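Encoded as structure tokens, the structure appears first; notes follow it.
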Amino acid sequence: MRAEDDVSKLTGDLYRQWEKSMETWWDGVLESPEFLKGMGKNLEAQGKARKSYEEGVDKTMGDLHLPSRKDVIRLAKVASMLEDKLLSVEDQVLAHGDALGRIEKDTLKARIDAAEALVAVHEKLGAIEARLDRVLSALESGDAKKKKV
Amino acid sequence: MSVVMQRNIDAYNFLASEPVASARIGQTPHAIVARAGAVTLRYFAPEKALTRPVVISMPLINTWAIWDLTPETSLIGDLLRRGIPVYVIDWGRPGRESEELPLSHFIDTVLGRMFDRALRHARTVDTTVEKLDAIGYCVGGTFLTVYVARNPGVVRKLALVAAPIDFHASGRLSTWAHPDNFPVDHAIDGLGNYPSEMMKSSFAWLRPMGQARKWFAVWERAGDPAFRKLWASMERWSNDAVDFPGEAYREYVKRCYFDNAMMKGGWILGGTPVDLTKGTCPLLAIAAKDDHIAAPASVIGISKVWGGPVETVTMKGGHVGISVTSALPETLAKFFLGSAPQ
């Protein structure tokens, strides 16, 4: 078992050493001007090749009076734009809903305030009436005393 | 039987069982609460919510399932267990119909709409919610940063995970994505959307020995069931990449990689300048130590330009590996459930 462990450990150590040396090598390659230039050229070539291939296919499909991939994409774009417009309408409806909710809340608050104010006015009027009653009765009792005198 | 022989047999049996095809990812139950074109808003409800919901903006170039890989390594599941309701913005699979959509469509229109729908939905659960928390991963975080800076009233706290901001500090990737080396105009003019396969192979070539390391790990650890499950799930996710909408990619590469405009300014997106100093909410930037796609310096760069308070954390792991660590959900939960005013 001891020897087996050693072999396993040795394999791991060897791998890690190999990985380290390869990493150093790759670092040199992947940042070299030649590699970077090649990478850019390769991507540019892929882009150009794909473009000319798609143009060729589109032309062939057009010559056959068949809808091309470009036509299908155009249709999908229109559908996508329409969906976006619908979502904008949904945004507006939700925003109007919010505004209506706020108005409803404000209206309810205003109603409660008005009812409370009305109660307060009634209470004040009641108090004034009571005072007036007291003044009136005081005046009346004053008149009665005068008459007696 | 020798250890070496046993490993050979385990690795062979594992790979022969076609583990990637049978791997299941993104299995946490959830509901789709809004749709806009290819984009969907997914809602994951916790058993008991302890804080306001968090909206996650995933990268456009992969599926959202990396944060819900397996039940044992699900960042979303972990956040739910900590009482954080989660909304995930899943960008879907844009087809050729999306190739002419500008970047502002994705940042202003789509993110704006998804945050609006998430907030509306969150208010059906808790009427007192006024702002949401947000997390952005990778390029999803880059876009989210721009959106939050332009809409300071929407987000309470923002966390960025491996999201590049200072693109000229992206190491080898910034050398490759230089105007002299990367003919982005030719690529987009010819290819339409930028193909996921090209993106995937570029990332693999950034660190070529990563591929060798991956297979060596299979040989070394194929006897471990937990490793087998995670490896197969990760492969399944990584093989399922998504094309980047063409015009949006052109603008992203030119403004971010060529001009480094997130740091230097001068980027007019959809008619409005991008100005990260206008971002005011507290921000947590999490970098992965061995990230070869969003190098720690490019992530931490946000602290030089963000208008609000910034906290930075560098964790163990790589760009993808950080997603399956237990430290990530723990740090995020601490940030969102912390002592800041609710």
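Predicted model only: the values in this text are computed from it and were never measured. Throughout, a chain's letter reflects where its sequence line sits, starting with A, and its residues are numbered from 1.
- For B:H105, the part lying under 4.5 angstrom from a heavy atom of chain A is the side chain only.
- Top candidate by heavy-atom pairs under 4.5 Å with chain A, chosen from B:E100, B:H178, B:R96, B:M198, is B:R96.
- Of the two parts of B:D116, only the side chain, counted from C-beta on, holds a non-hydrogen atom closer than 4.5 Å to a non-hydrogen atom of chain A.
- A 6.0 Å sphere centred on NZ of B:K200 holds more than 12 heavy atoms belonging to other residues, nucleotides or ligands.
- Of the atoms belonging to A:E55, not a single heavy atom falls under 4.5 Å from chain B.
- Interface summary for chain A: among B:E220, B:R7, B:M209, the most heavy-atom pairs under 4.5 angstrom belong to B:M209.
- Between A:E90 and B:R117, some side-chain heavy-atom pair lies under the 4.5 Å cut-off.
- A salt bridge links A:D27 with B:R172: the closest approach of a Lys/Arg side-chain nitrogen to an acidic carboxylate oxygen falls below 4.0 angstrom.
- Between B:W205 and A:W26, the ring-plane angle classifies as perpendicular under the 30° and 60° cut-offs.
- By the 4.0 Å N-to-carboxylate-O rule, B:R120 lies close enough to A:D98 to be salt-bridged with it.
- Contact detail for A:G40 and B:P183: the closest heavy-atom pair is O-CG, 3.3 Å.
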Could you walk me through whether A:E19 and B:F216 pass the side chain to side chain contact (heavy atoms under 4.5 Å, CB included) check?
CA-CA 10 Å; A:E19 186 186 298; B:F216 188 74; over 6 Å; no
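- Proximity to chain B is limited to the side chain of A:F35, based on heavy atoms less than 4.5 angstrom apart.
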Begin with the C-alpha distance, continue with both residues' side-chain angles, and end with the deciding distance and a verdict on side chain to side chain contact (heavy atoms under 4.5 Å, CB included) for B:W176 and A:L30.
CA-CA 9 Å; B:W176 285 13; A:L30 296 173; 4.0 Å; yes
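- Only the side chain of A:E31 comes within contact range of chain B, with heavy atoms under 4.5 Å apart.
- Residue A:K37 holds its NZ atom at 11.0 Å from CG of B:N181, rounded to the nearest 0.5 Å.
- B:S98 OG to A:K77 NZ: the interatomic distance, rounded to the nearest 0.5 Å, is 9.5 Å.
- Chosen from A:M22, A:R74, A:R16, A:E23, the residue pairing most often with chain B at heavy-atom distances under 4.5 Å is A:E23.
- With chain B as partner, the option from A:D84, A:T11, A:V78, A:L43 having the largest number of non-hydrogen pairs under 4.5 angstrom is A:L43.
- For A:D91 and B:R113, the salt-bridge test passes: some basic side-chain N is under 4.0 Å from an acidic carboxylate O.
- Heavy-atom neighbours of B:K214 NZ from other residues, nucleotides or ligands within 6.0 Å: above the threshold of 12.
- Contacts of A:L94 with chain B are made by both backbone and side-chain atoms, with heavy-atom separations under 4.5 Å.
- Note on B:R35, B:R207, B:E99: by heavy-atom pairs under 4.5 Å with chain A, the leading option is B:E99.
- In this structure, B:E97 and A:M81 have side chains that are not in contact, with every pair of non-hydrogen atoms separated by 4.5 Å or more.
- Neither the backbone nor the side chain of A:S52 has a heavy atom closer than 4.5 Å to any heavy atom of chain B.
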